[in-house]
Amino acid sequence: MEIALLQTDIVWGDKEENLQRAEQLMDEHPNVQLYVLPEMFATGFMVGGDVVTEPQEGQVHRWMVDMAKRRGCAVAGSVAVEVAGRWHNRFYFVTPDGATWHYDKRHLFTYAGEDGLYTKGEDRVVVRYGGLRFLLQVCYDLRFPVFSRNRGDYDVAIYVANWPTSRLFAWQTLLRARAIENQCFVLGVNRVGNDPANAYSGGSVVLDPQGQTLAECRANEVDVAHATLSLECLEGLRRTFPVMRDGDVFIL
């Protein structure tokens with residue numbers, strides 16, 4: 001599968017501008033089966049009094065559906081949504097036929113007050129698309145490996161984020177750990193630029209199941225990383241080096 005990570009510079013609270021910029025990147029990088037955008041890619045990571053949300057299946061979701069249908073691809077990324085009076089940091093995964101899966105971020109970033117505004121998700125979500133199984137995760141989830149432990153139910157873990165430069169080493173280290181310990185591909189998609197609280201330098205990367213880099217974006221630049229994910233190669237590694245068989249059995 002041909003995938004592309006869109007490392008964007010997010011304009012604070014401006015959905016129209018951010019969607020236009022993302023669409024331009026897609027135009028410049030066609031013939032992709034899956035585009036992945038950062039956390040809250042249409043607004044920035046909003047946890048203060050100026051939060052911009054939208055209803056379930058609102059403007060940003062409709063844009064994702066339109067992009068997926070018109071380009072014959074899947075589009076993934078997170079959006080701040082309001083449902084029944086509650087806010088969620090919702091990761092949408094939209095397929096070319098317009099079908100949508102969503103995962104609500106489980107581990108809310110208490111350090112920034114996200115837990116005081118948003119409602120955490122409870123369900124683990126795995127999406128089947130193009131012959132691969134994708135685990136959906138958002139930013140701070142990366143620090144909690146139990147929730148993302150591979151139970152033989154996914155092939156690719158996607159982490160979409162607004163992960164600041166000050167903690168970039170943790171981002172880079174933990175992404176590799178998740179790939180190695182779960183014998184899976186990892187897609188880590190971060191932003192660049194600044195918001196009112198932090199500076200961001202990117203670090204978007206595609207990792208193979210041994211933690212090796214398949215593709216990465218340039219630091220501190222709007223950029224796109226392309227890679228090919230091969231289920232055949234993944235299954236070959238799992239057969240020849242079957243470490244997952246020796247993992248601990250647990251129920252979360």
Side-chain angles (χ1 to χ4, degrees), residues 1-6 32-39 64-65 67-68 71-78 89-107 121-139 141-142 144-161 174-189 204-215 225-252:
M1 177 183 292
E2 300 299 320
I3 64 97
L5 311 185
L6 305 185
V32 171
Q33 292 172 270
L34 169 63
Y35 292 98
V36 188
L37 290 140
E39 178 184 24
M64 295 174 75
V65 170
M67 292 297 103
R71 298 171 187 274
C73 66
V75 180
S78 101
N89 188 344
R90 179 160 292 182
F91 187 161
Y92 284 122
F93 190 109
V94 181
T95 53
D97 60 359
T100 298
W101 285 261
H102 76 261
Y103 160 71
D104 291 335
K105 184 178 181 181
R106 178 181 175 89
H107 299 96
E122 298 293 341
D123 298 326
R124 175 183 169 106
V125 177
V126 175
V127 177
R128 291 179 178 268
Y129 168 65
L132 292 167
R133 301 167 298 170
F134 295 85
L135 176 72
L136 309 186
Q137 299 277 275
V138 180
C139 203
D141 286 329
L142 181 61
F144 303 94
V146 173
F147 187 62
S148 64
R149 182 63 173 166
N150 198 336
R151 307 168 191 174
D153 58 343
Y154 71 87
D155 308 304
V156 185
I158 306 178
Y159 291 90
V160 298
L174 294 175
L175 286 173
R176 295 188 190 283
R178 298 296 88 80
I180 294 166
E181 71 191 7
N182 293 302
Q183 281 198 319
C184 68
F185 293 105
V186 165
L187 313 182
V189 189
S204 301
V205 65
V206 182
L207 301 174
D208 75 9
Q210 299 186 83
Q212 299 294 324
T213 300
L214 294 178
H226 290 266
T228 301
L229 306 185
S230 169
L231 180 60
E232 182 180 2
C233 291
L234 174 61
E235 291 179 337
L237 173 64
R238 289 173 172 174
R239 282 195 304 271
T240 58
F241 190 51
V243 297
M244 299 303 293
R245 296 179 188 174
D246 299 322
D248 299 302
V249 177
F250 66 91
I251 297 174
L252 180 63

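Because only heavy atoms are used, hydrogens play no part in the values below, and waters and symmetry mates are left out as well, while side chains stay in.
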**Study point:** Charged N-O contact under 4.0 Å between Asp123 and Arg106
**Key:** no

[Y] side chain reached by [X] side chain, heavy atoms, under 4.5 Å:
{"X": "Val156", "Y": "Leu187", "value": "yes"}
{"X": "Ile158", "Y": "Val36", "value": "yes"}
{"X": "Leu135", "Y": "Val125", "value": "no"}
{"X": "Lys105", "Y": "Ser78", "value": "no"}
{"X": "Val189", "Y": "Tyr159", "value": "no"}

Check: [X] side chain, [Y] main-chain N or O, donor-acceptor pair, under 3.5 Å:
{"X": "Asn182", "Y": "Cys184", "answer": "no"}
{"X": "Tyr129", "Y": "Gln33", "answer": "yes"}
{"X": "Arg178", "Y": "Val186", "answer": "no"}

Taking all atoms of both residues into account, what is the closest heavy-atom pair of [X] and [Y], and its distance?
{"X": "Val32", "Y": "Cys73", "answer": "O-CB, 3.2 Å"}
{"X": "Gln183", "Y": "Leu234", "answer": "O-CD1, 3.3 Å"}
{"X": "Leu34", "Y": "Val75", "answer": "CD1-N, 4.4 Å"}
{"X": "Ala74", "Y": "Phe93", "answer": "CB-CE2, 3.9 Å"}
{"X": "Ala227", "Y": "Val206", "answer": "CB-CG1, 3.8 Å"}
{"X": "Tyr154", "Y": "Ser148", "answer": "OH-O, 2.6 Å"}

Check your understanding: Do the side-chain N and O atoms of Asp141 and Tyr103 include a donor-acceptor pair separated by under 3.5 angstrom?
Key -> yes

Practice item. Take His107 and Phe147, measure what ring-ring contact (aromatic ring centres under 6.0 Å, His included) needs, and give me the verdict at the end. Key: CA-CA 9 Å; His107 299 96; Phe147 187 62; 5.7 Å; yes

Practice item. Please name all residues satisfying side chain to side chain donor-acceptor pair (under 3.5 Å) with Thr213, sequence neighbours left out, ordered by chain then number. Key: Arg176

[X] side, atom [atom1]; [Y] side, atom [atom2] - distance, nearest 0.5 Å:
{"X": "Leu231", "Y": "Leu132", "atom1": "CG", "atom2": "CG", "answer": "5.5 Å"}
{"X": "Thr100", "Y": "Tyr92", "atom1": "OG1", "atom2": "OH", "answer": "7.5 Å"}
{"X": "Phe185", "Y": "Cys233", "atom1": "CZ", "atom2": "SG", "answer": "6.5 Å"}
{"X": "Tyr35", "Y": "Met67", "atom1": "OH", "atom2": "CE", "answer": "10.0 Å"}
{"X": "Ile3", "Y": "Phe134", "atom1": "CD1", "atom2": "CZ", "answer": "8.0 Å"}

Exercise for review: Starting from the C-alpha separation in whole Å, work towards a yes-or-no answer on side chain to side chain contact (heavy atoms under 4.5 Å, CB included) for Gln210 and Leu237.
Suggested key: CA-CA 9 Å; Gln210 299 186 83; Leu237 173 64; 3.8 Å; yes

Practice item. Kindly check if the number of other-residue, nucleotide or ligand heavy atoms within 6.0 Å of CZ (Phe144) is above 12? Key: yes

Study note, to complete from the structure: Hits for salt bridge (Lys or Arg N to Asp or Glu O under 4.0 Å) against Arg149, two or more places apart or cross-chain, chain-then-number order -> none

Practice item. Please list, chain by chain and in numerical order, all residues satisfying salt bridge (Lys or Arg N to Asp or Glu O under 4.0 Å) with Glu235, sequence neighbours excluded. Key: none

Practice item. Check the pair Asp155 / Arg128 against salt bridge (Lys or Arg N to Asp or Glu O under 4.0 Å), numbers first and verdict last. Key: CA-CA 10 Å; Asp155 308 304; Arg128 291 179 178 268; over 6 Å; no

Review point. Can you list the steps and then say if Leu214 with Leu207 is a side chain to side chain contact (heavy atoms under 4.5 Å, CB included)?
Key: CA-CA 6 Å; Leu214 294 178; Leu207 301 174; over 6 Å; no

Review point. Given the rule in the side chain to side chain contact (heavy atoms under 4.5 Å, CB included) test, do Asn89 and Glu39 qualify, once you have shown the distances and angles that lead to the verdict?
Key: CA-CA 8 Å; Asn89 188 344; Glu39 178 184 24; 2.7 Å; yes

Check your understanding: Passes side chain to side chain donor-acceptor pair (under 3.5 Å), Thr228 versus Glu2? Steps please.
Key -> CA-CA 5 Å; Thr228 301; Glu2 300 299 320; 2.6 Å; yes

**Study point:** CA sep, side-chain torsions, deciding dist, call: Glu122, Asp104, side chain to side chain contact (heavy atoms under 4.5 Å, CB included)
**Key:** CA-CA 8 Å; Glu122 298 293 341; Asp104 291 335; over 6 Å; no

